[in-house]
Amino acid sequence: MTITAQQRADFERDGFLVIPDFVSPATRRTLIDRATELVDAFDPDAEGSASIFSTHDQTQTSDDYFLASGDRVSFFFEEEAFDDGGKLRQPKAQSINKIGHAMHDLDPVFEPFSHSAALGEVARGIGMVDPLVLQSMYIFKQPNIGGEVVCHTDHTFLWTEPVSATGFWFALEDATTDNGCMYAVPGGHHLPPRKRFARAAAGGTTMELLDPDEYPMDDLVALDVPAGTLIVLHGLLPHLSGPNRSPRSRHAYTLHAIEAGAAYAPDNWLQREPGLPLRGFEPSVA
Ligand code: FE2
């Protein structure tokens, strides 16, 4: 998986890079089936009260379950999953927003995919020096109720000095403007970060406003991509995805890597036990 000089130049200009056919149909099936198995085995009652994921007010939904998920395989419901009486509106399998945030190290099916040499070549190809895989998420973007993800940069949530968070977003199903594909602001990674999300000293989290300027949304482009596509995202690239009001799901798997040599902020929301150190990618077979 060689990144060409042109692809690297495109990434540096735009802040994202679209790589078609990165994930084979067989691997997509394997990952989708594994996510289905994990959800089937998930018992919300056994794990305490249901945790909801929302990007509308993240400090409100940053409960203990979320804050403990940095080194676990945890399950988060869609914001619209429950009715007023607190009952699921549709079956559990169609109510989960995402699984996160350490399946790349803890799950035997996601682990080899997440640390593959091919992905390491992409990471190095776009300029990473010593990438470590920090975070994984399986995002369902469920039919009809799949929640939107408001415009943000990943550096806001995975703060390092210097900026190093890099996203790898794999379309496991077709992502279209109808089922909530991603949108990005080309070149927006040259703008300074607007917000920082961190743990608060008193408990919970805060979203600090660093710069009140809005992102130039007139430039927004839809990343309408077929299943199998990998989209690489610079940590400062503003991106978002709409809700899914269609009858089709839009499954995606995402990884975030950081540079081993960058300083990871001690008050970042995502923390891991020392017993589970970060790992990089498998070496390439020359
Ligand atoms: Fe993101």
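The residues of the chain are indexed from 1 along the displayed sequence. When a ligand or atom number is given, it counts from 1 through the structure's own listing order.
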Item to check | Side chains of H234 and D14, donor plus acceptor under 3.5 Å | outcome: no
Item to check | Of the N, O or S atoms in D154, the one nearest the Fe ion (ligand 1) | outcome: OD1
Next on the checklist: Evaluate W269 against S69 for side-chain contact (heavy atoms from CB on, under 4.5 Å), listing each step before the verdict.
Outcome noted: CA-CA 10 Å; W269 84 264; S69 67; 3.7 Å; yes
Checklist entry - Within 45° of the axis and under 6.0 Å from the centre of the six-membered ring of F110, does NZ or CZ of R34 qualify? => result no
Item to check | Within the 6.0 Å centroid threshold, strictly below: F168 and F170 | outcome: no
Checklist entry - What atom name does the N, O or S atom of H152 nearest to the Fe ion (ligand 1) carry? => result NE2
Checklist entry - By atom name, which N, O or S atom of H239 is the nearest to the Fe ion (ligand 1)? => result NE2
